[in-house]
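The structure displayed is predicted, hence computed values, not measured ones. Per chain, numbering begins at 1; letters A, B, ... match sequence-line order.
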Amino acid sequence: MTVKTRFAPSPTGYLHVGGARTALFSWLHARKHGGKFVLRIEDTDLERSTQASINAILEGMTWLGLVYDEGPFYQTHRFDRYDEVIDDLLARGLAYRCNCTKERIETLREEQMQRKEKPRYDGHCRGGAVTAGEPHVIRFRNPPDGSVMVDDLVRGRVVFSNDELDDLIIRRTDGSPTYNLTVVVDDLDMGINIVIRGDDHLNNTPRQINILMALGAEPPHYAHVPMILGDDGSRLSKRHGAVSVMEYRNQGILPEALLNYLVRLGWSHGDQEIFSLDEMVELFDISNVNKAASAFNNEKLLWLNQHYIKQDDPARIARLLSPHMGELGIDPASGPDLVAVVAAQQERARTLVEMAAISAFFYQDYDDFEPAAAKKNLKAAAREPLEHLRSALAGIPEWEPEGLHQLVKDVAMQLDLKLGKVAQPLRVAVVGRAASPGIDVTLHLVGREACLRRIDRALEYIQERTQES
RNA sequence: GCUCCCUUCGUCUAGUGGUUAGGACACUGGCCUCUCACGCCGGUAACAGGGGUUCGAAUCCCCUAGGGAGCGCCA
């Protein structure tokens, strides 16, 4: 039997990292076993589902490269099928109409709570007296005794007693089906043989198994993966920073870095930290997934992102960096080759946003000197080296890194200064800050004209500064 | 309240009766060095607590504590 997994988000928000990891695990499991991965949109809640959320989920899946083999299927397109199943259950006495008022249920709840019992429906309408003509919901007739065993691939065996379960609503008064019914029917119809989902669904599983049995179907395998918490161990939310997958793209995270980070959350393979997609597919095993929730650590994500930025082809990084340069109002075509800039900055940025920020000076004059850098490097003692450098740079015939490197060294030697005493003022003059790639590469990419202009500006700055004091 | 689940460095994790409890991120000392970064070498830091079982327990059992989920005409 070929393995078939699914990811079934409800479109009531963006694709967040928890959902993305569940999707990743499902996708990996399918790929590893040469199976199929299905995307299903659980949009039966007409109130909260939005097209914007659907688009956001699809966009997130695409960005991550979690390609689905079937779907997206929409539950709202399948209402006829759910009706068929519900009617069948009703006809066979496995479901019944209920016209209990919300008030009655509420009172029942309160009484049960007072008696320190678990609140649940008491089966008041089980007798079948409610007619089709009056407003009603349909409830599933849960087995009154016995127990349900869930043989979970990550949790192990979990047993639920049927008397803990009540007769859940499977069709609302307005005629629409509810989650526990649709999920069961869909997984059955779509041939899903392993359900990988968040562990907030573990408690629903026995109910779903009971419905499945009423339909005469064999339950699929289940794997309930733990949830992802925020940095501080509390439930992940917006205040922890990005939760939406697309937000990570905006922050300059590479999809392979996010994927690598997510796969290591709750799963590991010995001491290995870096996994290519192929390695994940080969090594991932759903039954090795941890049971405990894990906290999302942005620092480690950043480390992985830097790793992938360092390792990737500069041309690809340049392509991905370009829009982030645009965000800063820079057209990369207006200056040095962006691929060369990436090659120079590749080891210096944890995100593409960072890389754009530290690369702006290649394309436009900086606004102001970074105060601390200017204070330390652009003082009176820097005037002479800068003047020497300026005239040497103005006269150098070839504007290439090798010659430029030699030039800076020569000036230092002539003035009997350590290289740092010459290169560092030059760096601050040219880039406005104390950090940049090697001085030779930096000069080369900035270009002669801009270098001379900026050195003049630094000399003026030193002039003003020495006059003041 | 009831049911179910979880618990190794700050964080992610390795570990399946005998280990100086390993790795990674972060933090930190040093090296490299024109800056930053990269890289390299080193350091701090954990078995939630208590009982058992056993010659021996992070590993098996029980209890306690803490955390989480569910108990919707949400999914």
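A/R115 has its CZ atom 13 Å from the C1' atom of B/rC2, to the nearest Å. Atom-to-atom, CG of A/L181 to C1' of B/rG72 comes out at 16 Å; the value is rounded to the nearest Å. Computed from coordinates, the A/M413 CE to B/rC34 P distance equals 13 Å when rounded to whole Å. Straight-line distance from the CG atom of A/N203 to the P atom of B/rU3: 12 Å, rounded to whole Å. For A/Y308 and B/rC38, the OH to P distance is 17 Å, given to the nearest whole Å. When rounded to the nearest whole Å, the span between CG of A/L165 and C1' of B/rU3 equals 9 Å. For the pair A/K409 NZ and B/rU33 P, the computed distance is 12 Å after rounding to whole Å. Straight-line distance from the CZ atom of A/R109 to the P atom of B/rG1: 15 Å, rounded to whole Å.
Nucleotide B/rA46 forms a pair with no other nucleotide shown, judged by Watson-Crick or G-U wobble geometry with both contacts under 3.5 Å. Remark: B/rC40 base-pairs with B/rG30. Criterion, Watson-Crick or G-U wobble with two distances under 3.5 Å. The partner of B/rA57 cannot be assigned: no Watson-Crick or G-U wobble pair with both contacts below 3.5 Å exists in any strand. Summarising the base pairing, B/rG10 is matched to B/rC25 through a Watson-Crick or G-U wobble pair whose two defining distances lie under 3.5 Å. Summarising the base pairing, B/rC73 is matched to no nucleotide, lacking a Watson-Crick or G-U wobble pair whose two defining distances lie under 3.5 Å. Across all strands shown, B/rC4 pairs with B/rG68; the Watson-Crick or G-U wobble distances both stay below 3.5 Å. With a cut-off of 3.5 Å on both pairing distances, B/rU35 has no Watson-Crick or G-U wobble partner at all.
For the OP1/OP2 pair of B/rC38 and a distance below 4.0 Å, the side-chain nitrogens and oxygens of A/Q346 include no atom meeting the criterion. Taking 4.0 angstrom as the limit, A/R120 places none of its side-chain polar atoms (N or O) nearer than this to OP1 or OP2 of B/rU3. Between B/rA75 and A/T44, a contact under 4.0 Å exists linking OP1 or OP2 to a side-chain N or O. The phosphate of B/rC12 (OP1 or OP2) has no side-chain N or O of A/K300 nearer than 4.0 angstrom. When the side-chain nitrogen and oxygen atoms of A/K310 are compared with OP1 and OP2 of B/rG39, one or more of them lie within a distance under 4.0 Å. Dashed line: the shortest gap from a side-chain N or O of A/S176 to OP1 or OP2 of B/rC73 is not under 4.0 Å.
Checking B/rC25, B/rC4, B/rC12 against the side-chain heavy atoms of A/E299 singles out B/rC25 as nearest. In the set B/rG70, B/rA69, B/rC5, the nucleotide with an atom closest to the side chain of A/L202 is B/rC5.
Side-chain N/O atoms of A/T173 and base N/O atoms of B/rC73 include a donor-acceptor pair closer than 3.5 Å. Residue side chain A/E273 reaches the base of B/rG23 through a donor-acceptor N/O pair under 3.5 Å, judged by distance alone. Interface remark: the A/R427 side chain does form a donor-acceptor pair with the B/rC34 base, using a distance-only criterion of under 3.5 Å. Side chain A/N204 to base B/rA75: a donor-acceptor pair is found below 3.5 Å. A donor-acceptor contact under 3.5 Å links the side chain of A/D271 to the base of B/rG22.
Rounded to whole Å, the separation between the P atoms of B/rA21 and B/rC25 comes to 22 Å. B/rC32 and B/rA14: their C1' atoms are spaced 32 Å apart (whole Å). Taking atom P in both B/rG22 and B/rA45, the straight-line distance is 12 Å, to the nearest Å. Comparing B/rC6 with B/rA48, their P atoms are spaced 14 Å from each other, to the whole Å. Rounded to whole Å, the separation between the C1' atoms of B/rG1 and B/rC62 comes to 24 Å.
For A/Y179 and A/H201, the gap between ring centers is short of 6.0 Å.
Annotation: of the two residues near RNA chain B, A/S436 and A/Y179, the 5′-most nearest-nucleotide partner is A/S436. Both A/E117 and A/Y261 lie near RNA chain B, and the one whose nearest nucleotide falls closer to the 5' end is A/E117.
Annotation: A/D367, atom CG; neighbour count of heavy atoms from other residues, nucleotides and ligands within 6.0 Å does not exceed 12.
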Practice task
Run the numbers on A/E370 and A/K376 for salt bridge (Lys or Arg N to Asp or Glu O under 4.0 Å), then give the verdict.
Solution key: CA-CA 10 Å; A/E370 186 187 281; A/K376 182 171 179 202; over 6 Å; no
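Ionic pairing of A/R157 and A/D152 is not present here: no N-O contact between side-chain nitrogen and carboxylate oxygen is shorter than 4.0 angstrom. A salt bridge links A/E273 with A/K300: the distance from a Lys NZ or Arg NE/NH1/NH2 to an Asp or Glu carboxylate oxygen falls below 4.0 Å. Using a 4.0 Å cut-off between charged nitrogen and carboxylate oxygen, A/D186 and A/R6 do not count as a salt-bridge pair.
Although no hydrogens or angles enter the test, the distance criterion places no donor-acceptor pair under 3.5 Å between the side chain of A/E42 and the main chain of A/Q75.
Atom OG1 of A/T44 sits about 8.0 Å away from atom CG of A/L46, to the nearest 0.5 Å.
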